[in-house]
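Heavy atoms only: backbone and side chains are in, while hydrogens, waters and symmetry mates are out.
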Amino acid sequence: MKLLAITSCPNGIAHTYMAAEKLAKAAEKLGHEIKVETQGSIGVENELTAEEIQAADGIIITADKVVDKRRFQGKKVLEAPVADGINKPEELIEQFESGDVPVYGDQAPTETQSIDQVKQERKQKQNPLYRNLMNGVSYMIPFVVVGGLLIALSLAIGGEPTEKGLVIPEDSLWKSILDVGAASFTFMVPILAGFIAMSIADRPGLAPGMIGGYIAANGSFYGSEAGAGFIGGIIAGFLAGYIAKGIKQIKVPAIIQPIMPILVIPLISSVIVAVIFIFILGQPIAALMEGLSAWLQSMQGASKILLALILGAMIAFDMGGPFNKVAFLFGAAMIGEGHTYIMGAIAVAICTPPLGLGLATLVNKKKYAKEEQEAGKAALAMGLVGITEGAIPLAARDPFRVIPSIMIGSMVGAVVAMLTNVTDNVPHGGPIVAVFQAVGNVPMFFVAILIGMVVTAFTVNILKKPVEE
Amino acid sequence: MKLTDLMTEDLIQLHLEGTTREEIMDEMVSMIDATGALTDKEAYKEALFSREQQGSTGIGFGIAIPHGKSDAVQTARVAFGVKRNGVNWDSMDGKDAKLIFMIAVPEKNAGDEHLKILQVLSRKLMDDAFRASLLNADSKDEVLRLVSEM
């Protein structure tokens with residue numbers, strides 16, 4: 001037989017492990033396979049995986065503490081005090097041999113249910129990267145939503161179109177609201193990075209993660225015009241987390257152990273992350289931006305469709321990161337030279353990621369968690385005023401499916417705008433620029449946005465899998 | 001860190017004097033207190049007894065592992081005592097305890113290394129041969145040698 005066991009006791013110091021040892025020995029003696037998960041003061045060790053649970057003939061729980069049994073739905077589960085695990089492990093195993101063990105669960109679960117559960121568990125167990133990313137994203141979302149909505153509101157009501165973009169007069173109340181929104185955006189990348197790192201390395205990871213995220217988001221640290229955006233933040237978070245985790249595993253004398261988590265680990269990790277970002281990653285990011293700018297300049301003579309495809313892809317790819325910034329600045333510069341059709345295409349590409357994803361969450365709720373559906377509504381509001389960042393909460397959760405989708409949507413939208421001679425003489429995007437009468441060929445501007453949205457929503461809903469919750 | 005860092009020579013008593021569970025616990029608490037690991041001897045004792053009330057720590061096979069987790073413990077310690085005639089510990093298997101490991105663990109852990117050591121000890125105690133050697137050890141050095149082999 002293939003058996004599994006969990007042992008646990010109130011203090012989690014000794015009995016847990018004694019029972020584990022005895023069960024393992026008894027199983028071996030009786031010729032069965034067994035794996036024992038211990039839930040002691042150190043935490044859970046030798047954790048049972050979803051596959052193992054599915055494959056097991058039964059689970060023995062010897063515990064004097066509450067053990068979560070939900071994952072054993074539909075399996076034979078034998079519960080006993082931890083003392084029985086120590087003193088009569090063989091009797092426990094023999095009960096399985098005689099088949100005298102009840103199945104856990106009120107009703108026998110249907111086949112699909114248990115398979116779904118297993119799948120979900122498998123996903124969580126097998127992909128710690130995904131779990132760490134999720135942790136960061138869920139903490140980041142409120143910052144994006146608060147910041148995005150306040151900025152959207154202040155721009156929509158207090159903004160005035162100028163050649164520098166939508167500007168809010170200094171003395172207006174809306175300026176303060178804009179600043180509050182901007183403050184919330186400032187935290188976005190550091191929080192993302194910090195909580196990714198914390199998910200990897202526990203509390204000692206938070207400070208290095210947040211500091212790393214801040215550096216990633218602020219190009220001035222490494223002589224770049226724009227920061228590395230949320231993708232940089234994800235990189236910073238993982239770097240900080242794994243560095244902190246690595247340092248944690250170094251054996252140190254007992255005397256400095258107490259200061260490890262509050263002083264040594266955060267300090268050393270932060271310095272390493274900072275050095276990596278400033279001296280190793282920073283230069284290439286700055287160089288990349290310069291290279292891209294030069295490349296775009298050289299593209300001026302190329303076909304308009306190609307240019308629109310490139311700009312659309314860049315705007316959507318990192319939603320406020322270096323690629324987005326380069327494309328945007330190029331468009332802004334071209335307004336000055338009278339080529340307002342370039343900004344016209346960009347203005348469409350800027351708003352289709354949040355608008356398209358917002359639409360996608362409305363169309364197919366099954367593919368989005370509750371949190372994502374809420375983020376989707378906020379994204380719609382942000383999209384209307386041209387805040388591409390509104391798409392980040394949805395993109396960061398599932399980058400490999402969402403980012404290609406929004407890139408395709410923005411590319412299509414930009415091409416439609418380019419072909420129909422949509423122009424925009426204010427460096428800003430989204431339907432709001434039409435409201436401010438900065439757009440030429442308004443009907444096609446909206447048609448381009450709608451097409452981009454639909455393409456985005458359609459693509460992402462094909463690529464995404466239903467959430468398993 | 002090794003078990004011998006937690007269980008030093010002065011924490012070993014091969015001839016416990018007490019004849020009841022309470023007397024032996026007193027005796028061993030004093031051994032731990034003498035090393036300066038406790039800020040409040042009574043508070044630690046209370047932790048021990050409240051654990052004992054939840055269920056005897058006499059786990060059978062002649063072993064008892066009274067243990068307490070308390071703020072009164074500054075650094076983790078393990079005391080080891082032998083009572084060759086045995087003492088009634090309300091053990092699960094009804095047999096008297098002969099080998100007694102008293103464990104003191106701080107409430108707030110400065111790390112979990114000591115817990116890992118106790119885990120290894122707990123597992124090792126399930127080994128019949130290891131228990132027999134401990135019971136037959138006739139010097140502290142021999143005990144230290146046995147536990148350092150873990």
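If you measure heavy-atom distances from A:Lys25 to chain B, the contacts under 4.5 Å come from the side chain alone. For chain A, no part of B:Asp5 is nearby; none of its heavy atoms comes within less than 4.5 Å. Residue contact with chain B, scored on non-hydrogen atoms closer than 4.5 Å, is absent for A:Ala19. Both the backbone and the side chain of B:Ile59 come within less than 4.5 Å of a heavy atom of chain A. Looking at B:Phe61, the atoms closer than 4.5 Å to chain A (heavy atoms on both sides) all sit in the side chain, from C-beta outward.
Under a cut-off of 6.0 angstrom, the local environment of NZ in B:Lys98 is sparse, with at most 12 non-hydrogen atoms contributed by other residues, nucleotides or ligands. No more than 12 heavy atoms of other residues, nucleotides or ligands lie within 6.0 Å of CD in A:Glu28, so this atom counts as exposed by the packing criterion. At most 12 non-hydrogen atoms from other residues, nucleotides or ligands lie less than 6.0 angstrom from CZ of A:Arg203. Counting heavy atoms of neighbouring residues, nucleotides and ligands inside a 6.0 Å radius, atom CZ of A:Phe72 exceeds 12 of them. Around atom CZ of A:Phe187, no more than 12 heavy atoms belonging to other residues, nucleotides or ligands sit under 6.0 Å away.
With sequence neighbours left out, B:Asp10 forms a salt bridge (charged side-chain N to carboxylate O under 4.0 Å, His left out) with no residue at all. In this view, A:Phe277 satisfies the ring-ring contact (aromatic ring centres under 6.0 Å, His included) rule with no residue, not counting sequence neighbours.
The most heavy-atom pairs under 4.5 Å with chain B, out of A:Ile259, A:Ile86, A:Val82, come from A:Ile86.
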Q: Could you check A:Thr38 against B:Arg123 for side chain to side chain contact (heavy atoms under 4.5 Å, CB included), going step by step and ending with a plain yes or no?
A: CA-CA 12 Å; A:Thr38 53; B:Arg123 286 178 181 275; 3.7 Å; yes

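In this structure, B:Leu125 CG and A:Lys22 NZ are separated by 11.0 Å, a value rounded to the nearest 0.5 Å. Between atom OG1 of residue A:Thr16 and atom CD of residue B:Gln119 there is a gap of 9.0 Å, rounded to the nearest 0.5 Å.
Residues A:Ala14 and B:Ile65 share a closest heavy-atom pair of CB-CD1, 3.2 Å.
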